[in-house]
Amino acid sequence: VLQLFVMSYCPFGNQAEAGIIPALKLLGNSVDFKLRYIVSKSGSDYSSLHGAEELNQNVRELCIQKYMPEKFLDYISAVNTACSLQNISICWKTEAEKLKLDTAKIEQCASSEKTALLDAEIAASEKYSVSGSPTLIINEGLYNGGRSSEEFKNGICSAFNTAPNSCGQNLSSAGAAAS
């Protein structure tokens with residue numbers, strides 16, 4: 001069970017996403033992965049470190065992860081490559097449409113489920129005392145390794161009682177660059 005805590009526009013969180021995605025694709029259904037978002041709440045107002053656009057993108061990504069999980073990792077890769085914090089309010093939709101995601105469903109979810117989704121993220125961050133992006137939790141334990149695909153794969157594979165055969169395949173050991 002893997003939980004990667006990030007902020008959608010944290011450069012180090014994006015670096016971790018770029019490194020972990022090849023490992024997740026290699027390991028497939030052998031892992032239970034959830035991308036989590038670090039947000040805060042004051043009264044009834046939510047915030048994310050890099051501003052309102054990042055908060056909105058966190059919610060959209062939560063909606064895609066919930067309703068379109070089969071294309072979620074491809075979407076994360078696409079927006080991290082094509083979009084910036086300055087243009088994400090428009091760019092997200094272009095990238096979603098390229099992947100044939102239901103943008104109306106994403107917008108409806110972001111509108112109607114925002115509070116519940118963000119409250120769940122806050123609860124998860126509090127449970128693991130997460131405050132920094134990225135933070136990877138593997139089977140309830142904190143991962144302290146590197147951010148290359150190979151290092152992520154090795155960290156994940158070491159947590160299995162019986163590792164899947166795909167753990168024997170090599171991935172890039174080059175570290176992902178921060179965006």
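No hydrogens, no waters, no symmetry mates; every other heavy atom, side chains included, goes into these values.
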*Report the C-alpha separation of Glu53 and Tyr9 in whole Å, then their side-chain angles, then the decisive distance to 0.1 Å, and conclude whether the side-chain hydrogen bond (donor to acceptor under 3.5 Å, both in side chains) test is met.*
CA-CA 9 Å; Glu53 291 301 335; Tyr9 272 91; over 6 Å; no
_Steps toward side chain to side chain contact (heavy atoms under 4.5 Å, CB included) verdict (Ile64, Lys71)_ = CA-CA 8 Å; Ile64 294 167; Lys71 294 196 176 178; 5.8 Å; no
*Given the rule in the salt bridge (charged side-chain N to carboxylate O under 4.0 Å, His left out) test, do Glu107 and Arg60 qualify, once you have shown the distances and angles that lead to the verdict?*
CA-CA 7 Å; Glu107 290 171 325; Arg60 287 188 290 264; over 6 Å; no
*Once you round to the nearest 0.5 Å, how far does CE of Met7 lie from OG of Ser48?*
6.0 Å
*What heavy-atom pair brings Leu99 and Ala78 nearest, and what distance separates the two atoms?*
CD1-CB, 4.5 Å
*asked:* To the nearest 0.5 Å, what is the distance between CD1 on Ile156 and SG on Cys167?
replied: 8.5 Å
*Sub-4.5 Å side-chain heavy-atom contact between Asn144 and Leu142*: yes
*First locate atom CZ of Phe5, then atom SG of Cys10, and finally report the distance between them rounded to the nearest 0.5 Å.*
14.0 Å
*asked:* For a quick test of reading the model, state the closest non-hydrogen atom pair linking Phe152 to Ala23 and the distance between them.
replied: CB-CB, 4.3 Å
*asked:* The test is side chain to side chain contact (heavy atoms under 4.5 Å, CB included); show your working for Gln57 and Leu85 and say whether it passes.
replied: CA-CA 9 Å; Gln57 183 61 16; Leu85 186 57; over 6 Å; no
*Are any non-hydrogen side-chain atoms of Glu97 and Thr103 less than 4.5 angstrom apart?*
yes
*Is Phe33 reachable from Leu117 through a run of hydrophobic residues whose side-chain heavy atoms are each under 4.5 Å from the next?*
yes
_Are Lys153 and Asn170 packed together at the side-chain level, in the sense that at least one heavy-atom pair is separated by less than 4.5 angstrom?_
yes
*Could you tell me which non-hydrogen atom of Ala18 sits nearest to which non-hydrogen atom of Ser149, and how far apart they are?*
O-OG, 4.2 Å
_Side chains of Leu35 and Leu62, heavy atoms from C-beta outward: is any pair under 4.5 Å?_
no
*Identify whether Phe160 and Tyr143 are in the same connected component of the hydrophobic contact network (ILVMFWY, side-chain heavy atoms under 4.5 Å).*
yes
_Side chains of Glu95 and Cys91 in contact at under 4.5 Å (non-hydrogen atoms)_ = yes
_When you measure from the side chain of Gln15 to the backbone of Pro11, do you find a donor-acceptor pair of N or O atoms at a distance under 3.5 Å?_
no
_Contact between Phe12 and Arg147 at the side-chain level, heavy atoms closer than 4.5 Å - yes or no?_
yes
*Taking atom types as modelled and ignoring hydrogens, do the side chains of Gln108 and Ser112 form a donor-acceptor contact shorter than 3.5 angstrom?*
yes
*Verify the cluster assignment for Leu73 and Tyr67: are they in a single hydrophobic cluster under the rule of side-chain heavy atoms below 4.5 Å apart?*
yes
*Consider only side-chain N and O atoms of Gln169 and Ser166, and report whether a donor and an acceptor are under 3.5 Å apart.*
no
_Would you compute the distance between atom CH2 of Trp92 and atom CD1 of Ile106 and round it to the nearest 0.5 angstrom?_
4.5 Å
*asked:* Would you say Glu61 and Tyr37 are linked by a side-chain donor-acceptor pair, where the criterion is simply a distance under 3.5 Å?
replied: yes
*Kindly compute the distance separating CD1 (Ile76) from CG (Asn14), expressed to the nearest 0.5 Å.*
8.5 Å
*Between the side chains of Asp119 and Tyr46, is a donor N or O closer than 3.5 angstrom to an acceptor N or O?*
yes
*For Asn87 and Ala82, which heavy atoms make the closest approach, and how far apart are they?*
ND2-O, 4.3 Å
*Can you find a pair of side-chain heavy atoms, one from Val6 and one from Ile38, that are under 4.5 Å apart?*
no
*Going by atom types alone, do Tyr75 and Gln65 pair a side-chain donor with an acceptor below 3.5 Å?*
no
*Heavy-atom pair of closest approach, residues Met68 and Asp102*: CE-O, 3.6 Å
*asked:* When you group the ILVMFWY residues by side-chain heavy-atom contacts below 4.5 Å and let the links chain together, are Phe72 and Leu136 in the same group?
replied: yes
*Where do Leu27 and Cys157 land on the side chain to side chain contact (heavy atoms under 4.5 Å, CB included) test, with the steps shown first?*
CA-CA 9 Å; Leu27 297 169; Cys157 288; 3.9 Å; yes
*Mind checking whether Ile122 and Val39 have side chains closer than 4.5 Å, heavy atoms only?*
yes
*Does Glu140 come within less than 4.0 Å of Lys127, counting only side-chain N to carboxylate O?*
yes
*Yes or no on side chain to side chain contact (heavy atoms under 4.5 Å, CB included) for Asp74 and Ile21, after CA distance, side-chain angles and deciding distance?*
CA-CA 9 Å; Asp74 291 334; Ile21 287 173; over 6 Å; no
_Please check: side-chain N/O of Thr135 versus main-chain N/O of Val130, any donor-acceptor pairing under 3.5 Å?_
no
*Nearest 0.5 Å, what's the CD-OG distance between Glu17 and Ser133?*
7.5 Å
*Side-chain heavy atoms under 4.5 angstrom apart, residues restricted to Ile, Leu, Val, Met, Phe, Trp, Tyr: same cluster for Leu4 and Leu49?*
no
